[in-house]
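It should be emphasised that the depicted structure is a prediction, and the values quoted were computed from it without experimental measurement. Just so you know, these numbers use all the heavy atoms, side chains as well, and skip hydrogens, waters and symmetry mates. A, B, ... follow the sequence lines: proteins, then strands. Residue 1 opens every chain.
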Amino acid sequence: MIEMHDAAYGYGSDLVLSDLTLRLAPGSFHFLTGPSGSGKTTFLKLCYAELLPVRGQVTIFGNSADALNRDAVARARQRIGVVHQDCQFLDHLPLDENIALPLTVSRRASATRTQDLADLLTWVGLMPRAHAMPPELSGGERQRAALARAIITDPDLILADEPTGNVDWEMSIRLLRLLVELNRMGKTILIATHDLGLIRAAKQQVGARVLRLNRGRIEAAAAEL
Amino acid sequence: MSVFGDIFALMRGDPQADRVVPRSGQSVRLTVAVAGAMAFLAVFALALSVSAGRLADRWSDALALTSTIRLSAPPAEAPAQLATVMTILDQTPGIARTRVIGAEEQAALLEPWFGPDLPLGDLPVPQLIEIVETPEGYDDDGLRLRLAAEVPAAVLDDHTRWRRPLVAAAERLRLLGGLALALILGSTAAMVTLAAQASLASNQPVIRVLRLVGARDSYIARAFVRRFTLRAFTGALAGTGLGLGALLAIPDTGTAGAVLSDLGFRGQEWAMPLGVPLLAAVTAFWATRIAAFRTLRSLP
Ligand SMILES: Nc1ncnc2c1ncn2[C@@H]1O[C@H](COP(=O)(O)OP(=O)(O)OP(=O)(O)O)[C@@H](O)[C@H]1O
Ligand SMILES: [Mg+2]
């Protein structure tokens, strides 16, 4: 799915991330953890070609990220579900249309998808808020909506940036179950989180690997947890 | 990215895609208003150009008429002088044909005034020579001088030649009308480009979200192109209607002010202003498309 070879990224002259060499195999389940400001969001942005490495190479679905043109980036993103940390929506469209947006822009909207949308809204507990406008939503509601939007297209790869940062424990476990279920269906999953409890809970259900970011480098931290 | 895809998408319409970009925005209203005003002006520029063209055509048709030389020589000298005139005409560049008008024909010309029984031979009726000039024309002053020197009894009568500068003026007016039309079109393109750029700039957060969920540039561009093209078309349609109404409302001056009340369209020419809204739509389509792709490429 995603491979990195000696990749590095920095916003200015200082590198935020360096020496990244790793492979997210199809069907794998990874957590990405590390202190605030350690570069988790930056790492995810490298994975969906929002940022390009300043050094080394990032390969997305077998293609070097540097070599992708804008249309190829768009096509790659149609196969990647991203839960953004800041959960941006189109404020002029109601929640259900926002969640269906990835289908709309790739012209995949259809009757079965409409059923998927209803099921998904029910699962993340947003059915009663389906017609609410994004600015009216709470932080937790936005996060659940962002997760729903990320998975509605049935993507091969799901990248989630703090998907449970604003929701209670019960809802966190519910969202985690959804992701675990998707992983069992063969989806590749990468979750960036601080929440060690969530990681522990996940490890009881799937064989998840944990990547720890420390001073801009990745350490495998499987043994710690 | 395909242009045809965009054109078909435009005609088919895509209510879903139209919704992804917020509807509000004064740049869109501005487009309607300016397209309307420009179309109104374009109708007048077009009318000016077409009317001037019509005038030029009519006057240059009149120019194709011949001029004549009147030779009032005493009968005894007439044949010799006629021969001299014909030689001079032969040597004058710019003359296509000449024809000596025969006695019967001349009688027929005079009949309306003097009746059929006119004894032409007894009267000092001048001999008439018809001159058909080439498109370049001949030097009338030169010819007049030469005739005065060699055959003083011959008078060049070129009653139609005064129209020549009028034709040139009408042609120039037709050209200016066309130039005004081109300027209006250019201004429309510039205005739509600015309005589209403003709209793209104010919708950057929307574009960002669309890119993040996998929208291609062409999809995003289409949403803007569709909007601006349709608004420009609507505005131009209204402006054209008002312009045509205003043309029809010019009071009829009768023959006295024919040039004034001639401003407008005749017969099939009425189909021409209908092209104005179409031209506005095509202009808006390209202006927005180019602006959109340029802006999108500069965004992450
Ligand atoms: N657009 C930017 N311009 C400059 N510096 C940035 C930018 N985005 C992030 N940074 C810096 O890069 C570093 C890594 O940021 P990043 O957002 O990846 O951290 P994070 O691990 O996701 O943090 P958090 O857990 O708080 O979300 C931080 O020091 C941050 O200040
Ligand atoms: Mg972050």
Grab the two heavy atoms, one from B:Ala215 and one from A:Ala74, that are nearest each other, plus how far apart they are.
O-CB, 3.8 Å
Considering only heavy atoms from C-beta outward, does the side chain of B:Arg216 approach that of A:Val73 to under 4.5 Å?
no
In Å, rounded to the nearest 0.5 Å, how long is the span from CD of A:Glu50 to CZ of B:Arg208?
5.0 Å
A:Gln88 versus B:Leu212: any side-chain heavy-atom pair under 4.5 Å?
yes
What part of A:Tyr48 is in contact with chain B, defined as an atom under 4.5 angstrom from a non-hydrogen atom: side chain, backbone, both or neither?
side chain
Does A:Arg184 CZ have over 12 foreign heavy atoms under 6.0 Å away?
yes
Note: B:Val21 and A:His92 closest approach over all heavy atoms is C-NE2, 3.7 Å
All heavy atoms of A:Arg70 vs all of B:Leu296, minimum pair found to be NH2-O, 2.7 Å
Are the side chains of B:Val206 and A:Asp91 in contact, using a 4.5 Å heavy-atom criterion?
no
Spell out, as yes or no, whether a donor-acceptor pair under 3.5 Å connects the side chain of A:Arg77 to the backbone of B:Arg211.
yes
Check whether any side-chain heavy atom of A:Val82 lies under 4.5 Å from a side-chain heavy atom of B:Val213, and answer yes or no.
no
Closest non-hydrogen contact found for A:Leu90 with B:Val20 is CD1-O, 3.6 Å
Quick check on B:Ile220 against chain A: is it the side chain, the backbone, both or neither that has a heavy atom closer than 4.5 Å?
neither
At a heavy-atom separation under 4.5 Å, does A:Arg79 approach chain B through its side chain, its backbone, both, or neither?
neither
Inter-residue atom distance A:Asp71.CG - B:Tyr219.OH, 0.5 Å rounding:
14.5 Å
Within the side chain of A:Gln78, is there an N or O that forms a donor-acceptor pair under 3.5 Å with the backbone of B:Gly214?
yes
